[in-house]
Amino acid sequence: MTDLEAMNLANQCAQAMLTRDAASQAMGMHLLAAAPGCAHVSMSVRADMIQGHGTCHGGYLFALADSAFALACNSYNDATVGLGCSIDYVAPARLGDTLSAECREQSRAGRTGNYDVRITNQLGQLIALFHGKSYKVRGTVLAQETPNE
């Protein structure tokens with residue numbers, strides 16, 4: 001597969017995954033870029049995402065990172081799920097912030113992979129660090145064509 005074909009496949013997989021992802025859509029997430037083993041997703045912090053201390057609820061930060069992770073680890077058209085994830089909250093995100101989650105593959109072999117996500121705000125300030133481990137299951141992200149289609 002050429003680099004261009006791999007990039008096109010990653011973009012097709014990311015678009016397909018995000019189209020089927022009602023949760024990410026409801027949170028206002030947008031795909032900024034996708035490449036093999038990588039994804040870049042954004043989300044604006046809305047009033048309904050603010051917790052009792054006046055900052056963005058950590059669950060929304062986790063969801064943003066998890067969505068970028070999902071798009072990155074499914075970028076090869078192999079159906080892949082999260083095996084485990086962790087997050088470190090570094091700084092608060094505030095109402096009106098535009099958050100960016102950039103996921104990069106660190107390793108991928110056999111059925112597992114390791115991915116790191118950095119969440120930053122519109123000023124480039126680090127908000128959170130996320131690590132996810134993926135597990136390849138049966139199937140593909142994109143529908144397979146049959147000879148009669």
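Here the structure is a predicted model, which is why all the values come from computation and not from measurement. If you read the sequence from its start, that first residue is 1, and numbering goes on from there.
- In terms of heavy-atom proximity, Gln106 sits nearest to Asp116 at CG-OD2, 3.3 Å.
- Scored by the side chain to side chain donor-acceptor pair (under 3.5 Å) test, Tyr135 finds Arg111 as partners (sequence neighbours excluded).
- Under the 4.5 angstrom side-chain criterion for Ile, Leu, Val, Met, Phe, Trp and Tyr, the cluster partners of Val90 are Leu126, Leu129.
- Closest approach of Ser75 to Cys38, counting heavy atoms only: OG-N, 4.4 Å.
- The closest side-chain donor-acceptor pair between Gln15 and Thr19, if any, does not fall under 3.5 angstrom.
- Between Phe69 and Phe130, the ring planes are tilted. Angles from 30° to 60° get that label.
- Residues Leu31 and Ala14 share a closest heavy-atom pair of CD2-CB, 3.7 Å.
- Under 3.5 Å, the side chains of Thr80 and Ser134 contain no donor-acceptor pair of N or O atoms.
- Partners of Asp88 under the salt bridge (charged side-chain N to carboxylate O under 4.0 Å, His left out) rule, at least two apart in sequence or in another chain, do not exist in this structure.
- Transitive grouping of hydrophobic side chains (ILVMFWY, heavy atoms separated by less than 4.5 Å) brings Phe62 and Leu18 into a common cluster.
- Going from atom CD1 of Ile127 over to atom SG of Cys56 covers 9.0 Å, rounded to the nearest 0.5 Å.
- The two residues Val45 and Met49 come nearest to each other via the heavy atoms CA-SD, 3.9 Å.
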